[in-house]
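These figures come from a predicted structure and were not determined experimentally. We name chains A, B, ... by the order of the sequence lines, and we start the count at 1 in each one.
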Amino acid sequence: MKVLVTVKEVAEVEEDFELDGLHVAEQFLEYDLNEWDEYAVEEAVQIAEENDDVEVVSVTIGPERADETIRMALAKGVDRAIRVWDDALEDVDLLDVGAKTRLLSAVVEEEDPDIVLTGVQANDDSFGATGVSLASAIDFEWAAVVNALDLDADGGVANVRRELEGGVEELTEVDLPAVLSIQTGINEPRYASLRGIRQAQSKEIKPLSLSDLGLDASAVESQLVLTDMYEPQTESDAVYFEGEAADQAAELATVLRDAGVGAQ
Amino acid sequence: MSDVLAVAEHRRGELRDVSFELVTAGAELAGDGNLHLAIIGGDVDAFAEELSLDGVDTIHTVAEGDEFNHDVYVQAVAALYEELAPTYVLMGNTVNGLDYAPAVAESLDIPLVTDAIGLENDGGLVVTREMYASKVESTVEVDADNAAVTIRSAEWEPTEAAGEPAIEAFDFELDESRVRSRVTGFEEVGGGDVDITDADVLVSVGRGIEEEENLELVQNLADALGATLSSSRPIVDNGWLPKDRQVGQSGKVVTPKFYIAVGISGAVQHVAGMKGAENIVAINTDPDAPIFDIADYGIVGDLFDVVPELIEQFE
């Protein structure tokens, strides 16, 4: 059995930052493994541990810089990695869901996995759509926002829980092959061991260009054009308590006491 | 002028709020065009009556199944799209919305924009959405004639005024062989001995607490105030507090007299669960944290300095 897991390196923005046109200025960005993907990677590795003969392959769309993040996934138990990048991607401000789907579909065609795990969404552009879109394109079944997974590979079914709003979970049977988008909290992502980190150094990260995937530049033409970026106007009507922590606490305590909170 | 097809959402016999918000957003987007509203599954006739609202031109009912099933939804919406040829398809950016909208867009080969918080239709579709955990807003222009869009919950006012749309049963034949997932049940999360929805005062803790052992500090504050401890999602994801303490979209919706948010930035999913609190107090180091937008009282400061002082005030 083969599990393909998508791993995205996302840019996180510092508390104070500046915009530079249609981007957050580079010096205010920190790159890290997407939070949701961390759980997807852990779930993939657990599937490999609980079943015989499972290969876990990660796929990333990203520049060479992402190798560092990919190595972390390899250190946690991913067997090998694929990284898709191309000059044609350099100038795309916003890669839309359709373009990501075309790239990942080509990788699926090459790898022929039984299960694809993605994160529910990425922390940067937050589309939350790639997994389900991919499933539709490659004719896999799917489930979005999975927070429990019980795989019955022999029965050809994944029994999942989907985390709906308001503290309700939906229990669903999903025929395999399937794409599952993984919600945070589904497991406890492990820390990479020293041994894992060492082993990761010798694991393969295979770079693939568009032509390697049998695609051309039209595959990454985005139908969404980023036209503006700005900091949202804050509309706070809050009464702020200023000064030292002790003064702030004293003023808040007065408000609370006046409202009968904490009154003995 | 653009025709819009909006898709209502329901669960366990009830229409969800986003259905009424989709009518508002859909009518705005359609302008002089037609707003079609699809109701798929459940008691479609009762839902159609409830959704006979101002701005809706035609309701199309698809009596197929009791509950949401994404395979059914994708087929039904695609069939309606072929039949009605709308310019835009509008869906909810909900957990179920994200379970079918991307497949609708992919199978119809139209671009998808998710989690819209603003829509403008001025010779082309321009969508406002957030990025980088709500720190940045962006506008995105759709470079195509048609598009699928999911709208964020509670961003548009729900339409309440009644209207007189035509109600038509849509002639739809389901391809059963393409239904490859089955919903077998629902379960309520919870089971703990604490009901945070019942509390008058909640001290709620978020990512800012940094370490599990620091939870004691906020628990002490809750004790000093006679309050109940709740939290935002990361605390529960880390296993530091049980799921029944979680406030937010996927957790509980709470409406206490006082909600004291400690080290919570105020992501939209969290705010969805507590914006109905009578008084909101926010303690956070980041003056730009969105929690301050909805707070009544704010302290910009380090919780590790402020909370001990606050506890002292009540001892």
Side-chain angles (χ1 to χ4, degrees), chain A residues 13 15 24 94 96-98 101 123-129 132-133 135-137 141 143-145 162-175 184-185 188 223-232 234-236 238-241 245-246 248-250 252-253 255-256 259 261-262, chain B residues 94-95 98-99 102-103 105-107 111-115 130-133 135-144 180-190 201 224-226 236-237 239 249-253 258 281 286 288 292-293 295-301 305-306 309-310 313-314:
Chain A
V13 179
E15 234 168 63
V24 175
L94 183 65
D96 70 1
V97 176
T101 300
N123 223 348
D124 49 6
D125 56 19
S126 305
F127 274 97
V132 173
S133 176
S136 172
E141 187 51 35
V145 194
R162 296 182 53 238
E163 184 192 76
L164 304 180
E165 295 87 352
V168 177
E169 294 182 349
E170 179 200 276
L171 284 61
T172 306
E173 294 173 0
V174 182
D175 292 348
T184 58
E188 265 183 66
Q223 287 179 292
L224 303 184
V225 185
L226 198 59
T227 51
D228 198 7
M229 196 179 264
Y230 48 91
E231 287 188 60
T234 46
E235 306 150 5
S236 180
V239 174
Y240 284 93
F241 303 125
Q248 293 174 313
L252 175 56
V255 169
L256 292 172
V261 178
Chain B
T94 56
V95 173
L98 290 178
D99 197 42
E106 199 284 330
S107 62
L112 169 70
V113 193
T114 58
D115 204 15
E130 293 182 338
M131 292 175 73
Y132 300 111
K135 284 187 180 140
V136 174
E137 262 177 42
S138 63
T139 54
V140 172
E141 222 172 84
V142 177
D143 184 19
R180 301 174 299 190
S181 67
R182 295 153 299 278
V183 177
T184 57
F186 294 93
E187 247 173 58
E188 306 270 350
V189 175
V201 184
L225 295 175
V236 173
D237 277 352
Q249 206 169 68
S250 55
K252 299 278 172 62
V253 174
F258 267 90
V281 179
D286 178 8
D288 297 322
F292 288 116
D293 297 351
D296 300 287
Y297 303 98
I299 290 180
V300 177
D305 297 330
V306 176
E309 295 285 354
L310 198 52
Q313 289 284 334
F314 287 90

Undergrad: Tell me, for A:Ala135 versus chain B, whether the close heavy atoms (under 4.5 Å) come from the side chain, the backbone, both or neither.
TA: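 Neither the backbone nor the side chain of A:Ala135 comes within 4.5 Å of chain B.
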Undergrad: Quick check: closest heavy atoms across A:Ala253 and B:Phe314, and the distance to 0.1 Å?
TA: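 A:Ala253 and B:Phe314 have their closest heavy atoms at CB-CE1, 3.7 Å.
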Undergrad: Evaluate the side-chain proximity of B:Val281 to A:Leu252: yes if any heavy-atom separation is below 4.5 Å, no if none is.
TA: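 Of all side-chain heavy-atom pairs linking B:Val281 with A:Leu252, at least one is under 4.5 Å.
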Undergrad: Are the side chain of B:Lys135 and the backbone of A:Val13 linked by a donor-acceptor contact shorter than 3.5 Å?
TA: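 Yes; at least one donor-acceptor contact below 3.5 Å.
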Undergrad: Are the side chains of A:Leu171 and B:Phe186 in contact, using a 4.5 Å heavy-atom criterion?
TA: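 No; the side chains remain at least 4.5 Å from each other.
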Undergrad: Give the member of B:Glu309, B:Arg180, B:Lys252, B:Glu187 that has the highest number of heavy-atom pairs under 4.5 Å with chain A.
TA: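 Highest number of pairs under 4.5 Å: B:Arg180.
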Undergrad: B:Asp99 side chain to A:Ala144 main-chain N or O, any donor-acceptor pair under 3.5 Å?
TA: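 Checked: pair present.
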Undergrad: Measuring heavy-atom distances to chain B, does A:Gln248 have an atom under 4.5 Å in its side chain, in its backbone, in both, or in neither?
TA: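 Both backbone and side chain.
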Undergrad: Name the region of B:Asp296, side chain, backbone, both or neither, that has any atom closer than 4.5 Å to a heavy atom of chain A.
TA: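 Just the backbone, heavy atoms under 4.5 Å.
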Undergrad: I need the residue from A:Ala259, A:Ala143, A:Gly167, A:Ala249 with the largest number of non-hydrogen atom pairs under 4.5 Å to chain B.
TA: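 Most pairs with chain B among the choices: A:Gly167.
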Undergrad: Could you measure the distance from the CG atom of A:Leu94 to the CD atom of B:Glu141? Nearest 0.5 Å is fine.
TA: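 If I round to the nearest 0.5 Å, the distance is 12.5 Å.
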Undergrad: Does the side chain to side chain contact (heavy atoms under 4.5 Å, CB included) test come out yes or no for A:Val225 and B:Val140, once each step is laid out?
TA: CA-CA 5 Å; A:Val225 185; B:Val140 172; over 6 Å; no
Undergrad: For A:Glu15, does the CD atom have more than 12 heavy-atom neighbours from other residues, nucleotides or ligands under 6.0 Å away?
TA: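 Correct, the count exceeds 12.
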Undergrad: Please check: side-chain N/O of B:Thr114 versus main-chain N/O of A:Gly128, any donor-acceptor pairing under 3.5 Å?
TA: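 Judged by distance alone, no pair lies under 3.5 Å.
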Undergrad: Using non-hydrogen atoms only, which part of B:Val300 is less than 4.5 Å away from chain A: side chain, backbone, both, or neither?
TA: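 It is both, since atoms from each part get that close.
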Undergrad: Between A:Ala129 and B:Pro102, which heavy-atom pair has the shortest distance, and what is it?
TA: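 Looks like O-CB, 3.4 Å.
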Undergrad: Any side-chain donor-acceptor pair under 3.5 Å between A:Thr184 and B:Asp237?
TA: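 A:Thr184 vs B:Asp237: donor-acceptor pair found between side chains.
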Undergrad: Can you tell me which of B:Ile299, B:Asp305, B:Thr139 forms the most heavy-atom pairs within a distance under 4.5 Å of chain A?
TA: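 Looking at each option in turn, the highest pair count goes to B:Thr139.
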Undergrad: At a heavy-atom separation under 4.5 Å, does B:Ala105 approach chain A through its side chain, its backbone, both, or neither?
TA: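 Neither part; nothing is under 4.5 Å.
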Undergrad: Quick one: does B:Gln313's side chain get under 4.5 Å of A:Leu256's, heavy atoms only?
TA: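 A side-chain contact is absent here, since even the closest heavy-atom pair is not under 4.5 Å.
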Undergrad: Hey, could you give me the CZ/OG distance between A:Arg162 and B:Ser250, rounded to the nearest 0.5 Å?
TA: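 Rounded to the nearest 0.5 Å, the CZ-OG separation comes to 13.0 Å.
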Undergrad: Against chain A, label B:Tyr132 side chain, backbone, both or neither, depending on which of its atoms sit under 4.5 Å from a heavy atom there.
TA: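 Both backbone and side chain.
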Undergrad: Which one wins on heavy-atom pair count under 4.5 Å against chain B: A:Ala246, A:Gly98, A:Ser126?
TA: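 The residue among A:Ala246, A:Gly98, A:Ser126 with the greatest pair count is A:Ala246.
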Undergrad: Is there side-chain contact between B:Thr184 and A:Glu173, with at least one heavy-atom pair below 4.5 Å?
TA: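 Touching, per the 4.5 Å side-chain cut-off.
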Undergrad: At a heavy-atom separation under 4.5 Å, does B:Val253 approach chain A through its side chain, its backbone, both, or neither?
TA: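 No part of it gets close to chain A.
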Undergrad: Would you name the heavy atoms of B:Glu106 and A:Ser133 that are closest together and state the gap between them?
TA: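 Of all heavy-atom pairs spanning B:Glu106 and A:Ser133, the closest is CG-O, 3.4 Å.
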Undergrad: Need one label for A:Val145: side chain, backbone, both or neither, based on atoms under 4.5 Å from any heavy atom in chain B.
TA: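 Contact with chain B involves the side chain of A:Val145 alone.
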Undergrad: In terms of heavy-atom proximity below 4.5 Å to chain B, should A:Leu224 be classed as side chain, backbone, both, or neither?
TA: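 Contact with chain B: backbone and side chain both.
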Undergrad: Considering only heavy atoms and a distance below 4.5 Å, find which of A:Asp125, A:Val174, A:Asp96, A:Asp124 pairs most often with chain B.
TA: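 It is A:Asp124.
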Undergrad: Do side-chain atoms of B:Ser138 reach the backbone of A:Asp228 as a donor and acceptor pair under 3.5 angstrom?
TA: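 A pair under 3.5 Å: no.
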Undergrad: Using a 4.5 Å cut-off on heavy atoms from C-beta on, say whether the side chain of A:Met229 contacts that of B:Met131.
TA: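 Heavy-atom side-chain distance check passes, below 4.5 Å.
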Undergrad: Please list, chain by chain and in numerical order, all residues satisfying ring pair (Phe, Tyr, Trp, His ring centres under 6.0 Å) with A:Tyr240, sequence neighbours excluded.
TA: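 For A:Tyr240, the residues satisfying ring pair (Phe, Tyr, Trp, His ring centres under 6.0 Å) (neighbours in sequence not counted) are B:Phe292.
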Undergrad: Using a 4.5 angstrom heavy-atom cutoff, name the option from B:Asp286, B:Leu112, B:Val236 with the most pairs to chain A.
TA: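 Highest number of pairs under 4.5 Å: B:Asp286.
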Undergrad: Between A:Ser136 and B:Ser107, is a side-chain hydrogen bond (donor to acceptor under 3.5 Å, both in side chains) present by the stated rule, with each step listed?
TA: CA-CA 7 Å; A:Ser136 172; B:Ser107 62; 4.9 Å; no
Undergrad: Please name the pair of heavy atoms, one in A:Ala238 and one in B:Gly298, separated by the smallest distance, quoted to 0.1 Å.
TA: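 The answer is CB-N, 4.2 Å.
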Undergrad: Excluding sequence neighbours, so at least two apart, what forms side-chain contact (heavy atoms from CB on, under 4.5 Å) with A:Glu165?
TA: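 Testing A:Glu165 for side-chain contact (heavy atoms from CB on, under 4.5 Å), a comparison that skips the adjacent residues, returns B:Arg11, B:Arg16, B:Thr94, B:Val95, B:Gln249.
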Undergrad: Judged by atom type as modelled, is there a donor-acceptor pair below 3.5 Å linking the side chain of A:Thr172 to the main-chain atoms of B:Val183?
TA: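 Between the backbone of B:Val183 and the side chain of A:Thr172 there is no qualifying donor-acceptor contact (under 3.5 Å).
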